[in-house]
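The sequence lines fix the lettering, A, B, ..., with proteins before strands; numbering per chain opens at 1.
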Amino acid sequence: MNIVVCIKQVPDAQSVHFDTEKGTLVRGEAEAIINPFDLHALEAGIQMRDSYGGEVVVLTMGPPQAEDALREALGLGADRGILLSDRAFAGADTLATTYTLAKAIDRLGPVDLVLCGRQAIDGDTAQVGPGLATRLGIPCVTSVSTLEVLDDRKTMHLRRVCEEGYDLIEVEMPALLTVVASLNTPRLPSLKGKIRARKAEIPVWDAQELGAEPGRVGLVGSPTQVVSTSVPKFEARREMLEGSPEGQVEALVARLKEAGIL
Amino acid sequence: MLRVDRKKCVGCGECEEACAFEAICVKDNVAVVDPNVCTLCGACVDTCPEGALEISSNSGEADADLDLWRGVWVVAECRGRALAPVSLELLTQARGLADRLDTALTAVLMGYEVGSESQRLISYGADRVLLVEHPELAAFIEEVYGNILADLVRKERPEIILAGATAMGRSYIPRVATLLETGLTADCTGLDIREEDRALLQTRPAFGGNLLATIVCPRHRPQMATVRPHVMKVGVPDLGRKGEVISISPKEELLKHRSRVLESVKEQAEGPNLTEAKVIVTAGRGLEAKENLALVRELADLLGGALGATRAVVDAGWVSDRSQIGQTGVTVSPKLYIGCGVSGAIQHIVGMQGAEIIVAINRDAEAPIFNIAHYGVLGDVKEILPLLIQRIKKERG
Ligand SMILES: Cc1cc2nc3c(=O)[nH]c(=O)nc-3n(C[C@H](O)[C@H](O)[C@H](O)COP(=O)(O)OP(=O)(O)OC[C@H]3O[C@@H](n4cnc5c(N)ncnc54)[C@H](O)[C@@H]3O)c2cc1C
Ligand SMILES: Cc1cc2nc3c(=O)[nH]c(=O)nc-3n(C[C@H](O)[C@H](O)[C@H](O)COP(=O)(O)OP(=O)(O)OC[C@H]3O[C@@H](n4cnc5c(N)ncnc54)[C@H](O)[C@@H]3O)c2cc1C
C-alpha cells in the first residue's frame with residue numbers, strides 16, 4: 001500500500017503564556033513541532049504499512065528548517081521524507097498549498113491513501129485535506145476517528161465525527177482522510193529509527209522540480225490575502241468573588257441574573 | 001515578500017515582538033527579515049509605528065470580469081430534515097451584507113424532503129431559495145454536495161458565498177472553492193463590506209485564537225467564507241415575507257460518488273450540542289472522581305446547557321472525546337462557560353476564550369484560569385456545585 005502522510009511544522013502552543021498586564025496571550029521562544037494531529041495521521045500510516053506492506057512517504061511544504069519535522073517522522077517509522085521548499089512557496093493560502101502538495105503527490109506516482117491531520121494548530125483552517133483530495137480527484141473523508149480496511153483491500157469503513165455523533169462511512173480507495181486525535185496513540189521514536197533518520201537523505205523539491213506554474217504557488221497563487229491582523233485583547237475581567245462558599249455562590253447568581261442568564 | 005523600508009525603520013523592535021515566528025529582528029538599528037521563516041502573516045506590518053513594513057505581492061492586475069458576479073448566497077445546512085441553527089445566523093448576517101451591496105440574497109437548500117424549510121429561509125431574509133432535492137442527498141456526501149454547489153455557482157455567479165463552519169461545511173466547502181479555484185476564508189467570526197470595491201472583509205481567529213486576521217479575496221469570485229456557529233446573532237423572522245422558491249433537479253453526473261454513509265449515529269443523549277450551546281459547564285480533573293460528573297451534568301441540565309470537558313477528563317475516560325474543548329477538541333463561544341476544577345491550560349483556553357462570560361470554580365487561587373475568568377469562585381467544586389445547583393433551583397422556584 002502506497003501511503004502519503006502530509007505533515008506541517010507549527011509553533012508549539014506550549015510556549016504561549018498569558019500576559020496579565022497587557023491582557024494578551026504572548027508567544028515565547030516558539031519551538032517548532034509537528035502539528036499534533038499529523039502525528040496521528042502518521043501513526044495510522046505506519047500501522048497500515050505494517051499490516052499491508054508498501055511504504056509511507058511523509059511530505060511537507062515549508063521553509064528549509066521544516067526538514068527537522070521530516071526527520072522526526074522518519075524516526076517514528078516513515079520510509080521516506082520529501083521537503084517541498086522554495087522561496088516562491090511562501091505566503092501560500094490553502095489553494096496554493098493544495099496545488100503544491102498535489103503536484104508533489106502526482107510526481108510520486110500512484111498512491112492508495114493520503115493522510116492529513118484534521119487541522120493545523122496555527123493556520124487552523126482544516127481546508128488543506130479536502131482541497132487536496134479535490135485536486136487529486138479522490139474522495140475525502142474528514143475527521144476520521146476509526147478506520148478499518150476491508151478484505152478486498154480496496155474499501156475502508158470509517159467513522160466521521162460530527163456535531164451530533166458520527167457517521168459510519170464506506171469509501172473506495174484511493175482516498176484522502178483527515179484524522180482526529182482519538183484515532184490512535186502515536187508511538188515514540190525508536191533508537192534505531194532515530195539513527196536512520198539522522199542519516200537519511202531528504203530530497204528538496206522546488207517549484208521547478210515540481211513543474212509548478214509560477215502563478216499558482218505561494219503568495220502570488222493565493223486568492224486570499226491577509227489585510228490586517230490584531231492581537232485579541234482580553235478585558236480586565238478578573239473578579240474574584242469573596243466570602244464564604246455560600247456568599248460566593250450568592251454573588252455569582254446575582255451577576256448571572258444581571259447578565260440576563262438566570 | 002515582506003519588505004523593510006530602511007529609510008523609515010528606526011529599529012524600535014516592535015516588529016520583533018509582534019512576530020510569532022522569530023522571522024524578523026533588529027540588527028544594527030534596522031529590522032531584518034528571514035524570508036525562510038517569514039509566513040507573511042502581516043502581524044508586524046500592523047504594529048510598525050513608522051509604517052516601514054510592507055508585504056508586496058506581484059500578482060496580476062484586477063480581473064475585469066469581477067462585475068459579472070452579483071448577489072449573496074447562504075448555503076443552508078440540514079441535519080436530517082431540519083435546518084441547523086447556524087443557517088439562520090448566516091441569513092441574518094447575509095441580509096445585512098446584501099442590503100449594503102444593494103443585491104439579492106439567495107439561500108441554497110440541498111437535501112431530500114427538505115423543501116418545507118424554504119419558507120423559513122425566506123422569513124429570515126432570503127429573497128429566493130434554490131431548492132435541490134434528490135434521494136441521493138438524504139445523507140451527506142462531500143463529493144455530491146460539493147459538485148452540485150460548484151455547478152450552481154458556475155451558472156449563477158454570486159459574488160459572496162457563506163456557509164457554516166460546521167463539521168459538514170468544513171468538509172465540503174473547501175472542495176467547492178478548489179473546484180472554482182477561488183479563495184475560502186475559514187471559520188470567520190466577523191464579516192463586513194469594504195464599500196469602495198464591494199470586497200468582503202472576513203475576520204477570523206488563527207493561531208488558536210492568539211491572532212485575529214482580516215482577509216480579503218480581491219481578484220477572484222466568488223468570495224467564500226465559512227462562519228463559526230453561534231457567533232452571529234439570529235434576527236427576528238418575518239413570517240409574512242415573500243420570496244421565490246426555485247426547484248432544481250441535479251444532473252445525474254453530479255451525483256456520482258465513491259463514498260457512502262452506511263449509518264448515522266447520534267451519540268449525544270439530549271440537550272444542545274457543544275458548539276451550539278448557549279451555556280457550557282465544563283468538567284476538569286479537579287472533579288477528582290467520575291461520580292462527581294453528575295454534579296456538572298445536573299448544573300448543565302438546569303441551565304439548559306451542554307457538558308464540556310478538558311482533555312485530562314477525556315483521557316481519564318470519564319466522557320467521550322466529543323466533549324473535549326480546546327486546541328485538539330472543539331472551539332466554543334457560548335454566552336456562559338463555567339469551568340469546574342479546570343486549571344486553564346493554554347490548549348484548553350484557546351477553545352473557550354470566546355465565551356461571553358467565563359466563570360471558574362477552582363480551589364487554587366493561582367490557577368491560570370482565573371486570569372481570564374470574569375468571575376472566580378475559590379473553593380472545592382464538590383462543595384460549590386451543590387450549593388450553586390440548590391441556589392439556582394430556589395431562584396427558579
Ligand atoms: C493569520 C492567518 C490566517 C489564514 N487564514 C487563511 C484562510 O482563511 N484561508 C486560506 O485559504 N488560508 C489561510 N491562511 C493560510 C494557511 O494558513 C496556509 O495556506 C497553510 O499553508 C495551510 O493552512 P492551515 O495551516 O490552515 O492547514 P490545515 O488545512 O488546517 O491543515 C490540515 C492538514 O493539512 C496538512 N498540511 C497543512 N499544511 C501543510 C503543509 N504546508 N505541508 C504539508 N501538509 C500540510 C496537514 O496534514 C494538516 O494537518 C492563513 C494564514 C495566516 C497566517
Ligand atoms: C498538544 C496538546 C494538545 C492539547 N489539547 C488540549 C485540548 O484540546 N483541550 C484541553 O482541555 N487540554 C488539552 N491539552 C492538555 C492541557 O495541556 C491540560 O493538560 C489539560 O487541559 C488539563 O486539564 P484539567 O484542567 O482538567 O486538569 P489539571 O490541569 O490537572 O487541573 C485541575 C485543576 O483542578 C483544581 N482542583 C483540584 N481539585 C479540586 C477541587 N476539589 N475543587 C476545585 N478545584 C480543584 C486544581 O487546582 C487544578 O487547577 C493538550 C495538551 C497538549 C500537549
Using a strict 4.0 Å threshold on nitrogen-to-oxygen distance, state whether A/Asp106 and A/Arg135 make a salt bridge. no
Given the options A/Glu170, A/Met156, A/Arg118, which has more heavy-atom pairs under 4.5 Å with chain B than any of the others? A/Glu170
Winner by heavy-atom pair count (cut-off under 4.5 Å) against chain B, out of A/Thr134, A/Thr142, A/Leu256: A/Thr134
Would you please say whether a donor-acceptor pair under 3.5 Å links the side chains of B/Thr214 and B/Thr203? yes
Is the shortest side-chain N to carboxylate O distance from B/Glu143 to B/Lys256 below 4.0 Å? no
Identify which part of B/Ser264 has an atom lying under 4.5 Å from any heavy atom of chain A, answering side chain, backbone, both or neither. both
Do side-chain atoms of B/Asp380 reach the backbone of B/Arg363 as a donor and acceptor pair under 3.5 angstrom? no
I need the residue from B/Gly183, B/Ser320, B/Ala345 with the largest number of non-hydrogen atom pairs under 4.5 Å to chain A. B/Gly183
Could you tell me which portion of B/Ile392 (side chain, backbone, both or neither) has an atom closer than 4.5 angstrom to a non-hydrogen atom of chain A? side chain
Taking B/Arg170 for its side chain and B/Thr226 for its backbone only, find out whether a donor-acceptor pair lies under 3.5 Å. no
When rounded to the nearest 0.5 angstrom, what distance separates CZ in A/Phe89 from OG in A/Ser85? 7.5 Å
At a heavy-atom separation under 4.5 Å, does B/Arg391 approach chain A through its side chain, its backbone, both, or neither? side chain
Between B/Ile361 and chain A, with a heavy-atom cut-off of 4.5 Å, which part of the residue counts as in contact: side chain, backbone, both or neither? neither
Is B/Arg204 paired with B/Asp187 through a side-chain N to carboxylate O contact shorter than 4.0 Å? no
Heavy-atom pairs under 4.5 Å with chain B, option from A/Ala181, A/Cys140, A/Gly62 with the top count: A/Cys140
Under 4.5 Å, counting heavy-atom pairs only, tell me which of A/Val227, A/Thr155, A/Leu132 racks up the most with chain B. A/Val227
Counting only heavy atoms closer than 4.5 Å, note whether B/Phe140 contacts chain A via side chain, backbone, both or neither. both
Side chain, backbone, both or neither: which part of A/Tyr166 has a heavy atom under 4.5 Å from chain B? both
Between A/Arg160, A/Arg216, A/Glu246, A/Gln119, who has the most heavy-atom pairs with chain B when the cutoff is under 4.5 Å? A/Arg160
Any ion pair linking B/Glu395 and A/Lys257 (charged N to carboxylate O, less than 4.0 Å)? yes
Quick check on B/Val265 against chain A: is it the side chain, the backbone, both or neither that has a heavy atom closer than 4.5 Å? both
What distance separates B/Ile215 CD1 from B/Cys188 SG, expressed to the nearest 0.5 Å? 7.0 Å
Is it true that A/Arg255 and A/Glu239 make a salt bridge, defined as a side-chain N closer than 4.0 Å to a carboxylate O? yes
The interface call for A/Gln65 against chain B, heavy-atom contacts under 4.5 Å, is side chain
Counting heavy-atom pairs under 4.5 Å with chain A, which one of B/Ala18, B/Ala186, B/Gly376 comes out on top? B/Gly376
Measure A/Leu252 against the heavy atoms of chain B and call it side chain, backbone, both or neither at under 4.5 Å. side chain
Highest number of heavy-atom pairs under 4.5 Å with chain B: which of A/Gly243, A/Ser143, A/Pro130, A/Pro36? A/Pro130
When the 4.5 angstrom heavy-atom criterion is applied to B/Ile357 and chain A, the contacting part is side chain
Highest number of heavy-atom pairs under 4.5 Å with chain A among B/Glu181, B/Glu383, B/Met168 belongs to B/Glu181
Report, in residue-number order, which members of residues 171-180 of chain A are under 4.5 Å from chain B by heavy-atom distance. A/Val171, A/Glu172
Using only atom types and a distance under 3.5 Å, with no angle test, would you say the side chain of A/Asp38 pairs donor to acceptor with the backbone of A/Lys8? yes
So does A/Asp152 pair up with A/Lys154, basic N to acidic O under 4.0 Å? no
Answer with side chain, backbone, both or neither: which region of A/Leu95 has an atom nearer than 4.5 Å to a non-hydrogen atom of chain B? side chain
Of the listed residues (B/Pro218, B/Gly379, B/Ala165, B/Gly42), which shares the most heavy-atom pairs with chain A below a 4.5 Å separation? B/Pro218
Identify which part of B/Ala84 has an atom lying under 4.5 Å from any heavy atom of chain A, answering side chain, backbone, both or neither. neither
Do the side-chain N and O atoms of B/Asn273 and B/Arg322 include a donor-acceptor pair separated by under 3.5 angstrom? no
Taking 4.0 angstrom as the limit, do B/Glu356 and B/Lys335 come out as a salt bridge? yes
Expected output: side-chain A/Gln127 to main-chain B/Leu184 donor-acceptor under 3.5 Å: yes
Does B/Arg79 come within less than 4.0 Å of B/Glu276, counting only side-chain N to carboxylate O? yes
Under the 3.5 angstrom rule, does the side chain of A/Thr100 hit a backbone N or O of A/Ala96 as a donor-acceptor pair? yes
